[in-house]
Amino acid sequence: MVFLERDIKARKQAFGIEVYDILQSNASSGTTGAATISASDIQKAYEVCHADIQHLENKVNSKKREMDNIDQSSGVAGTAGVGGAAGAAGVGTSVDLNSVGMDDEPEAPGIPSTP
């Protein structure tokens, strides 16, 4: 999520630079016709930027929902907005170590078990 939020900020900064360049080119021309063109260019740049940001924000919201679902399934409630790391760290969950046999290893997500 941090990377997505960084991408949102970077996109907004790129939009600012793009608008500045449009306005700077308009200031150098000094005609009212150019002002109309630059307003149109600014609107187009905004629409593209807005669509990009909406797409990134949708990804952030999806990840937040995914984290909430993980927290709920692990029995940790109320960690959304606080970081949500409590469920991943095992806080509030218990593991019965006696249920794991000598030949069985607890499942590690993302790490394939070796035969």
Side-chain angles (χ1 to χ4, degrees):
M1 277 191 346
V2 173
F3 293 121
L4 292 171
E5 290 169 351
R6 183 200 62 196
D7 290 346
I8 290 170
K9 181 178 178 181
R11 183 61 182 102
K12 288 177 181 180
Q13 289 172 339
F15 170 72
I17 292 169
E18 187 176 351
V19 169
Y20 180 84
D21 289 342
I22 292 169
L23 293 174
Q24 187 177 21
S25 69
N26 182 40
S28 64
S29 68
T31 64
T32 57
T36 305
I37 292 171
S38 70
S40 173
D41 290 342
I42 291 171
Q43 184 63 36
K44 288 178 189 174
Y46 171 77
E47 289 170 0
V48 170
C49 179
H50 182 70
D52 292 344
I53 290 172
Q54 281 296 115
H55 178 72
L56 292 169
E57 286 177 344
N58 287 340
K59 285 184 176 182
V60 169
N61 292 334
S62 174
K63 294 296 180 187
K64 284 181 182 178
R65 283 191 306 272
E66 190 176 318
M67 287 175 56
D68 287 344
N69 289 338
I70 290 170
D71 288 345
Q72 289 175 358
S73 69
S74 66
V76 177
T79 58
V82 180
V91 176
T93 60
S94 64
V95 175
D96 183 9
L97 296 177
N98 293 328
S99 67
V100 178
M102 293 297 287
D103 295 331
D104 296 334
E105 292 186 35
E107 182 179 337
I111 302 174
S113 59
T114 56

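Interatomic distance, Leu4 CG to His55 NE2, rounded to the nearest 0.5 Å: 9.0 Å. Between Ile8 atom CD1 and Met1 atom CE the span is 10.5 Å, to the nearest 0.5 Å. For the atom pair Asp52 CG and Lys12 NZ, the distance stands at 12.5 Å (nearest 0.5 Å). Taking NZ of Lys63 as the start and CD1 of Ile70 as the end, the distance is 9.0 Å to the nearest 0.5 Å. Once rounded to the nearest 0.5 Å, the distance linking CG of Asp41 with CD1 of Ile22 reads 5.0 Å. If you take CD on Gln43 and NE2 on His50, they are separated by 10.5 Å, rounding to the nearest 0.5 Å.
Considering every non-hydrogen atom in both Glu18 and Ala45, the closest pair reads OE2-CB, 3.4 Å. Looking at every heavy atom in both residues, Cys49 comes nearest to Phe15 through SG-CB, 3.5 Å.
By the 4.5 Å heavy-atom criterion applied to side chains, Ile42 and Leu23 are counted as neighbours.
Judged by distance alone, the side chain of Ser62 and the main-chain N or O of Asn58 form no donor-acceptor pair under 3.5 Å.
Note on Ile53: it does not cluster hydrophobically with Val48, by side-chain heavy-atom contacts below 4.5 Å among ILVMFWY residues.
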Gln54 vs Glu57, test: side-chain contact (heavy atoms from CB on, under 4.5 Å). Steps then yes/no.
CA-CA 5 Å; Gln54 281 296 115; Glu57 286 177 344; 3.3 Å; yes
